[in-house]
Amino acid sequence: MREVIMYDAPPVPGAPYPGSLMVGQQFTEAALREKLASLGTTVELGAELVALSQDRDLVTASVRTDGRLQDIRARYLVGCDGGGSTVRKQAGIDFLGETWERQRMLFGNLSVDGLDASVSHMWATGPGGMLTLAPMPSSGTWFFTAPLPPDDGQELPLVSVETFSDIFAQHVGLPGVRFHDAIYLSIYQVNIRMVDRYRAGRVFLAGDAAHVHTPAGGQGMNTGVQDAYNLGWKLAHVLRGAPEPLLDTYEEERLPIARHVLASTTARGRYWAGGDTARVSERIAGAFKGQDPFSDVSQLTLTYRGGSLACDLDEAIGIRAGDRAPDAHCVEPESGKQVRLFDLFHGTHFTLLVFGSGPAPQVRGSRRADVHPHRIVPPGPVLWRRRTHRRDGTGARAVRGGRRRSRADPP
């Protein structure tokens, strides 16, 4: 058995929240539902998409709710309905890739008695592969992975706490450990697939509906949320009058990211798999300690360089248009209040950063309210007093560039 403490790296300006955080899906969903409710909308449960069609101007979604069929017509439809996406199938978009037929796992989140909750546990002995149990601090429950026999035509075991208890007994046989009160249990089989396009007319895909991969590195939720944010602000602006071609940049920017995530998670998944479970456990323990040899799991280093919205206006090196603007700690000149650039970026607006005392680009027309300008000046005497000024409180320049020089995609 190996006991591993999750790596708690110190925060740095470019990555203020380093390391990994084990959070149950129910907490993530609760936060998203709460935000949605604050905007005056709720999630409707018990509704099933049966069919969809589209014409030049609208999409029609046939939805069944409580046995009643209803047609909903809208300008656009976004499928965020998972790996088995009905929207993707109805839109005729292929889901290309492979299934690892011989790698199946039992996943779940349940309560455990009799284990030290200050560390994660990995057992690299026993038949079929490694079994893991990791504490979930926010809920007091544990996330587990347990190997299942390869798919050789055998009937799948019942998905139950008793099944997991039996697997634990076969692999570990540790007395005094009891499992109960499962939050969820599921059988997981690795699929590595993605679409060749994110759009079919007025229908778009995001998240697992567009790409699925191994869970190695925990990249799925980040990628899906970034898909939705990228598409969301563009849809909002088009619905308010922006040119329709803005929506073409969604696939342009996000398809290469999905391709990169599939490649990195596949490489990491193979690195963490194999019959030598002792070596595999050593590699996973290294990742928990911040020694992952693969790509940045925070996804803060991903870039949209070269995209049609990323316009470089000079030949400066370092951060370029299309990169994520980094964080920095600044000070409000008038109040002395500490503020971070990430705080300024937060929201659905565009952020314009003006450095030094030079003239700021003029934002004209009806979209001026969508742009929040801020002037960044070095530490020292402040020669002007305006609400939009920020001083870098660290002595370094707050931001050396931006994702788009005249406007920034909301982070």
Side-chain angles (χ1 to χ4, degrees), residues 12-16 198-199 206 222-223 225-238 240 242-261 264 295-296 298-330 340-365 367-378 388-390 392 394 396-411:
V12 294
Y198 271 52
R199 179 180 187 180
N222 279 354
T223 309
V225 169
Q226 289 172 16
D227 280 351
Y229 215 116
N230 187 293
L231 177 59
W233 75 261
K234 293 171 181 176
L235 278 173
H237 281 271
V238 169
R240 292 161 57 188
E244 168 83 15
L246 177 62
L247 297 177
D248 295 334
T249 66
Y250 170 58
E251 176 181 307
E252 174 190 302
E253 293 184 338
R254 295 306 300 170
L255 190 65
I257 299 297
R259 190 178 296 117
H260 166 79
V261 170
S264 64
S295 63
D296 172 26
S298 74
Q299 298 195 16
L300 290 175
T301 57
L302 296 180
T303 177
Y304 296 150
R305 287 188 186 190
S308 57
L309 295 182
C311 179
D312 279 314
L313 303 181
D314 56 42
E315 298 301 321
I317 61 174
I319 292 178
R320 305 297 292 156
D323 292 350
R324 179 185 295 274
D327 193 20
H329 290 270
C330 301
R340 286 169 42 185
L341 289 185
F342 276 4
D343 296 329
L344 306 184
F345 302 152
H346 181 73
T348 57
H349 58 270
F350 295 102
T351 302
L352 173 64
L353 300 179
V354 181
F355 297 90
S357 57
Q362 295 299 307
V363 181
R364 298 183 176 87
R367 314 315 296 271
R368 291 180 61 185
D370 294 333
V371 180
H372 293 194
H374 303 278
R375 186 179 294 277
I376 310 297
V377 297
T388 57
H389 297 167
R390 301 287 186 271
D392 180 2
T394 64
R397 286 183 295 172
V399 174
R400 297 183 298 276
R403 292 185 56 180
R404 297 164 178 81
R405 290 304 173 92
S406 62
R407 65 182 191 179
D409 182 6

Task: Heavy-atom side-chain proximity of L302 to R324 below 4.5 angstrom - done: no
Task: Heavy-atom check, side chain of L309 versus side chain of L246, under 4.5 Å - done: yes
Open item on the list: Within this structure, what is the CZ-CG distance for the pair F342 and D327, rounded to the nearest 0.5 Å?
Closed with: 4.5 Å
Task: Nearest non-hydrogen partners of R320 and D314, listed with the distance - done: NH2-O, 2.5 Å
Task: Pairing residues for P245 by the side-chain contact (heavy atoms from CB on, under 4.5 Å) criterion, not counting sequence neighbours - done: P243, D248
TODO: Mind running side chain to side chain contact (heavy atoms under 4.5 Å, CB included) on Y250 and L235 for me, showing each step along the way?
DONE: CA-CA 10 Å; Y250 170 58; L235 278 173; over 6 Å; no
Task: Non-hydrogen atoms of D312 and A321 that approach each other most closely - done: OD1-N, 2.9 Å
- [ ] Indicate yes or no for a side-chain donor-acceptor contact from E253 to the backbone of Y304 under 3.5 Å, with no hydrogens or angles considered.
- [x] no
Open item on the list: Nearest 0.5 angstrom please: H260 NE2 to L255 CG, how far?
Closed with: 13.5 Å
Task: Within-4.5 Å side-chain heavy-atom neighbours: V377 and R375 - done: yes
- [ ] Would you mind reporting whether P373 and V354 have side-chain heavy atoms less than 4.5 Å apart?
- [x] no
Task: H349 backbone acceptor or donor facing D370 side chain under 3.5 Å - done: no
Open item on the list: My understanding is that only residues two or more places apart in sequence, or in another chain, count here; which of them pass salt bridge (charged side-chain N to carboxylate O under 4.0 Å, His left out) with R305?
Closed with: D323
Task: Shortest non-hydrogen separation from G322 to T303 and the atoms involved - done: O-OG1, 3.3 Å
- [ ] Applying side-chain contact (heavy atoms from CB on, under 4.5 Å), name anything that partners E244, two or more places apart in sequence or on another chain.
- [x] Y76, R199, V238, L247
Open item on the list: For K234 and Y229: C-alpha separation, side-chain torsions, deciding distance, then whether side chain to side chain contact (heavy atoms under 4.5 Å, CB included) applies.
Closed with: CA-CA 9 Å; K234 293 171 181 176; Y229 215 116; over 6 Å; no
Open item on the list: Would you compute the distance between atom NE2 of H329 and atom CG of L341 and round it to the nearest 0.5 angstrom?
Closed with: 9.5 Å
Open item on the list: Contact between T223 and R254 at the side-chain level, heavy atoms closer than 4.5 Å - yes or no?
Closed with: yes
Open item on the list: Nearest 0.5 Å, please: how far is NE2 in H346 from CG in L344?
Closed with: 11.5 Å
Open item on the list: Is there a side-chain contact between L231 and Y198 in this structure, where contact means two heavy atoms from C-beta onward sitting under 4.5 Å apart?
Closed with: no
Open item on the list: Any heavy-atom pair between the side chains of R340 and C330 that's under 4.5 Å?
Closed with: no
- [ ] Quick one: closest heavy-atom pair of A206 and A228, and the distance?
- [x] CB-N, 4.5 Å
TODO: For this output row, return yes or no: ring centroids of F345 and H374 closer than 6.0 angstrom.
DONE: no
- [ ] Sequence neighbours left out, what passes side-chain contact (heavy atoms from CB on, under 4.5 Å) with T301? Give chain and number order.
- [x] D296
Open item on the list: Donor-acceptor pair, distance only, cut-off 3.5 Å: does the side chain of T351 make one with the backbone of H372?
Closed with: no
